[in-house]
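Have a look at the structure below before the remarks.
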Amino acid sequence: MNKFTTLPPAVCALPALELLGAAANAVDAVPSAIGQLTALTSLNFSSNVLTAVPSELGCLTSLTSLDLSRNQILTLPAELVRVVCSYLR
C-alpha cells in the first residue's frame, strides 16, 4: 500500500493523459476535475478508501477500462451508469 490520500491536482491538468493508475493507496475522494481528462482510456482506483465517485466520471467517454474494486462505494452516479450502459448495447 502506498500513502497517497489525494490525487495531486496537477494530474487533472494533463488533458492528453490516457492511463491513470492510483491503486492500493488511501485515496478517499476522486476530484471532480478528473472529468477534464477526456483522453483517458484506463482508470484504476482499486484498493483505496473511496465511498463515492464524482458524476464527472461520466465525461470520460474514451474510457475502456475502469477499476473501482475493493473500495466502499455503494452507488455510482447516473452519468457514469449511462456511459457504461452505452457500451453494453
Side-chain angles (χ1 to χ4, degrees):
M1 182 174 194
N2 296 308
K3 302 290 183 189
F4 289 108
T5 56
T6 61
L7 190 65
V11 171
C12 294
L14 302 169
L17 187 67
E18 294 182 7
L19 305 172
L20 177 56
N25 281 286
V27 175
D28 61 0
V30 177
S32 59
I34 201 156
Q36 298 170 13
L37 301 178
T38 55
L40 207 59
T41 60
S42 179
L43 179 60
N44 186 343
F45 271 100
S46 65
S47 299
N48 278 282
V49 292
L50 299 173
T51 57
V53 291
S55 61
E56 287 79 4
L57 282 182
C59 297
L60 305 179
T61 55
S62 297
L63 208 58
T64 59
S65 174
L66 174 63
D67 190 347
L68 299 172
S69 65
R70 295 181 298 282
N71 280 287
Q72 296 135 12
I73 300 169
L74 298 178
T75 61
L76 294 173
E79 293 83 358
L80 180 58
V81 172
R82 277 194 284 278
V83 169
V84 170
C85 288
S86 71
Y87 287 110
L88 298 176
R89 291 182 195 173

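This structure is a prediction, so every number in the text was calculated from the model and none was measured.
- A single hydrophobic cluster is not seen to contain both Leu19 and Leu60; linkage of ILVMFWY side chains at heavy-atom distances under 4.5 Å, directly or through other members, places them apart.
- Partners of Pro77 by side-chain contact (heavy atoms from CB on, under 4.5 Å), not counting sequence neighbours, listed by chain and number: Val53, Ser55, Glu79, Leu80.
- With values rounded to the nearest 0.5 angstrom, Glu56 atom CD is found 4.5 Å from Ser32 atom OG.
- Side chains of Leu40 and Leu17 form a contact here, defined as non-hydrogen atoms less than 4.5 Å apart.
- The CD atom of Glu18 sits 11.5 Å away from the CG atom of Leu63 when rounded to the nearest 0.5 Å.
- Counting only heavy atoms from C-beta outward, the side chains of Leu50 and Val27 approach each other to under 4.5 Å.
- Once rounded to the nearest 0.5 Å, the distance linking CG of Asn25 with OG1 of Thr5 reads 9.0 Å.
- Here CG of Leu66 is found 11.5 Å from OG1 of Thr41. Values are rounded to the nearest 0.5 Å.
- The CG atom of Leu7 lies 5.5 Å from the CG atom of Leu20; values are rounded to the nearest 0.5 Å.
- Ala52 is linked by a side-chain contact (heavy atoms from CB on, under 4.5 Å) to nothing, counting only residues two or more places apart in sequence or in another chain.
- At a threshold of 4.5 Å between non-hydrogen side-chain atoms, the residues Phe45 and Leu57 do not count as touching.
- For Ala13, there are no side-chain contact (heavy atoms from CB on, under 4.5 Å) partners two or more places apart in sequence or in a different chain.
- Considering all non-hydrogen atoms of both residues, Pro54 and Pro31 come closest at CG-O, 3.9 Å.
- A search for side-chain contact (heavy atoms from CB on, under 4.5 Å) contacts involving Thr6 returns nothing, not counting sequence neighbours.
- Within the structure, every pair that satisfies the side chain to side chain donor-acceptor pair (under 3.5 Å) test and touches residues 69-78, not counting sequence neighbours, is listed here: Ser47-Arg70, Asp67-Ser69.
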ask   = Between Ile34 and Leu43, does a side chain to side chain contact (heavy atoms under 4.5 Å, CB included) hold up when you go through it step by step?
value = CA-CA 10 Å; Ile34 201 156; Leu43 179 60; 4.0 Å; yes
